[in-house]
Enquirer: 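Just passing along the structure, written as structure tokens.
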Amino acid sequence: LWPWLLASSGLSALIQLVTLPFFPDSPSYLLIQKGNEEACRKAIRKLWGEGDHQAEIDDIMKEKGAMASTKTLRVLEVIKERSLRWQLYILMTVMTTLQLCGINAIYFYSFEVFHTAKFEEYLIPYVSLGVGLCECLSSILCSTLIDRFGRKVLLWVGYTLMCSVLALLTMTLSLQHRFFWMHYFSVILIFLFVVFYGIGP
């Protein structure tokens with residue numbers, strides 16, 4: 001089954017490759033990068049239908065004017081620019097915590113946890129697939145929650161819950177040889193961690 005699952009990503013890529021030529025170019029790309037207003041209007045009509053789209057074109061023109069007055073900075077200039085320092089710190093912190101949050105360790109050791117929980121050997125790949133499905137569904141849920149609560153709240157809540165789950169998971173893995181039900185609790189915590197990861201970071 002795994003070879004077919006891995007090959008399925010190639011199928012979606014093939015569908016995208018075949019259908020891509022039939023999609024219109026981005027109106028903003030055509031107007032800002034290419035400077036072709038007629039092609040921009042044609043793309044807008046194709047995307048949004050017939051009608052008066054002058055307001056959208058005016059917005060794109062304003063964006064073009066703003067981009068023209070903005071200086072493009074090199075990496076070293078961005079680091080030296082004092083006005084961008086806090087944004088840079090926040091970006092570096094978010095990216096670092098994302099890499100060190102423990103999701104890779106969870107994926108790596110989940111098979112062993114499922115095996116210790118006395119799952120049948122043939123069931124473990126399906127349980128692992130369920131973990132991936134949880135992440136996918138929670139990411140979809142995040143896209144609806146982010147507009148309501150904002151990115152900052154989701155990051156704080158997500159990381160707080162992930163830390164709590166990791167602390168509990170450490171405890172359950174340490175006590176799994178004393179209590180038989182700790183194995184199943186560890187499995188539940190793995191699923192919860194993946195859900196909180198998808199919703200937060």
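Predicted model, so just to flag it, every value in this text is computed and none were measured. Nothing fancy with the numbering, it's 1 onward along the sequence.
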Enquirer: Looking at CZ of R74 and NZ of K80, how far apart are the two atoms once the value is rounded to the nearest 0.5 Å?
Expert: 11.5 Å
Enquirer: State which residues pass salt bridge (charged side-chain N to carboxylate O under 4.0 Å, His left out) with E37; sequence neighbours excluded, sorted by chain then number.
Expert: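 Applying salt bridge (charged side-chain N to carboxylate O under 4.0 Å, His left out) to E37 gives R41.
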Enquirer: With the 4.5 Å side-chain cut-off for hydrophobic clustering, are L129 and Y109 part of the same group?
Expert: no
Enquirer: Please, which pairs that meet ring pair (Phe, Tyr, Trp, His ring centres under 6.0 Å) have at least one residue in residues 17-38, sequence neighbours excluded?
Expert: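 Not a single pair qualifies under ring pair (Phe, Tyr, Trp, His ring centres under 6.0 Å).
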Enquirer: With a 3.5 Å cut-off and sequence neighbours excluded, list the donor-acceptor pairs that the side chains of residues 86-94 form with protein atoms.
Expert:
from: T93; atom 1: OG1; to: Y89; atom 2: O; distance (Å): 2.7

Enquirer: Would a 4.5 Å heavy-atom cut-off, applied to side chains only, mark L169 and L173 as touching?
Expert: yes
Enquirer: Determine whether L133 and F111 fall in the same hydrophobic cluster, where Ile, Leu, Val, Met, Phe, Trp and Tyr are linked whenever their side-chain heavy atoms lie under 4.5 Å apart.
Expert: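 Different clusters: L133 never reaches F111 through Ile, Leu, Val, Met, Phe, Trp or Tyr contacts under 4.5 Å.
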Enquirer: Enter the distance from T160:OG1 to L155:CG here, rounded to the nearest 0.5 Å.
Expert: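 Going from the OG1 atom of T160 to the CG atom of L155 covers 10.0 Å.
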Enquirer: Just verifying a value: how many Å separate I32 CD1 and E63 CD, rounded to the nearest 0.5 Å?
Expert: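 CD of E63 is found 4.0 Å from CD1 of I32.
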Enquirer: According to a 4.5 Å side-chain heavy-atom criterion applied to Ile, Leu, Val, Met, Phe, Trp and Tyr, with indirect links allowed, do F149 and Y197 form part of one hydrophobic cluster?
Expert: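 Per the 4.5 Å side-chain linkage, F149 and Y197 are co-clustered.
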Enquirer: Does S164 have any side-chain hydrogen bond (donor to acceptor under 3.5 Å, both in side chains) partners at least two apart in sequence or in another chain, and if so, which?
Expert: none
Enquirer: Could you tabulate the donor-acceptor pairs under 3.5 Å formed by side-chain atoms of residues 186-195, not counting sequence neighbours?
Expert:
from: S186; atom 1: OG; to: T172; atom 2: OG1; distance (Å): 3.0
from: S186; atom 1: OG; to: M182; atom 2: O; distance (Å): 3.0

Enquirer: Starting from the C-alpha separation in whole Å, work towards a yes-or-no answer on side chain to side chain contact (heavy atoms under 4.5 Å, CB included) for L137 and L141.
Expert: CA-CA 6 Å; L137 293 174; L141 179 63; over 6 Å; no
Enquirer: Please round to the nearest 0.5 Å and tell me the distance separating atom CG of L166 and atom SG of C101.
Expert: 8.0 Å
Enquirer: Which distance, rounded to the nearest 0.5 Å, do you find between the CD1 of I60 and the SG of C40?
Expert: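 Spacing of CD1 (I60) from SG (C40) equals 4.5 Å.
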Enquirer: Would you list the pairs meeting side-chain hydrogen bond (donor to acceptor under 3.5 Å, both in side chains) in which at least one residue belongs to residues 135-157, sequence neighbours left out?
Expert: Y107-E135
Enquirer: So, using side-chain hydrogen bond (donor to acceptor under 3.5 Å, both in side chains) as the criterion, who are the partners of T19 when residues are at least two apart?
Expert: none
Enquirer: Excluding sequence neighbours, so at least two apart, what forms side chain to side chain contact (heavy atoms under 4.5 Å, CB included) with S128?
Expert: F114, I124
Enquirer: So how far is it from K64 NZ to Q33 CD, rounded to the nearest 0.5 Å?
Expert: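 Here the interatomic distance stands at 9.0 Å.
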Enquirer: Quick one: do L175 and L168 end up in the same hydrophobic cluster if we chain Ile, Leu, Val, Met, Phe, Trp and Tyr together by side-chain heavy atoms under 4.5 Å apart?
Expert: yes
Enquirer: Heavy-atom count check: over 12 atoms from other residues, nucleotides or ligands less than 6.0 Å from E112 CD?
Expert: no
Enquirer: Which residues end up grouped with L123 if you chain together Ile, Leu, Val, Met, Phe, Trp and Tyr wherever their side-chain heavy atoms are less than 4.5 Å apart?
Expert: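 Same cluster as L123: Y122.
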Enquirer: Of all residues at least two apart in sequence or in a different chain, which pass the ring pair (Phe, Tyr, Trp, His ring centres under 6.0 Å) check with F179?
Expert: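 Only W181 meet the ring pair (Phe, Tyr, Trp, His ring centres under 6.0 Å) criterion with F179.
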Enquirer: E81: what forms a side-chain hydrogen bond (donor to acceptor under 3.5 Å, both in side chains) with it, not counting sequence neighbours?
Expert: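 Once residues adjacent in sequence are excluded, the partners of E81 under the side-chain hydrogen bond (donor to acceptor under 3.5 Å, both in side chains) criterion are S83.
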Enquirer: How would you list, by chain and number, every residue that makes a side-chain hydrogen bond (donor to acceptor under 3.5 Å, both in side chains) with D52, sequence neighbours excluded?
Expert: none
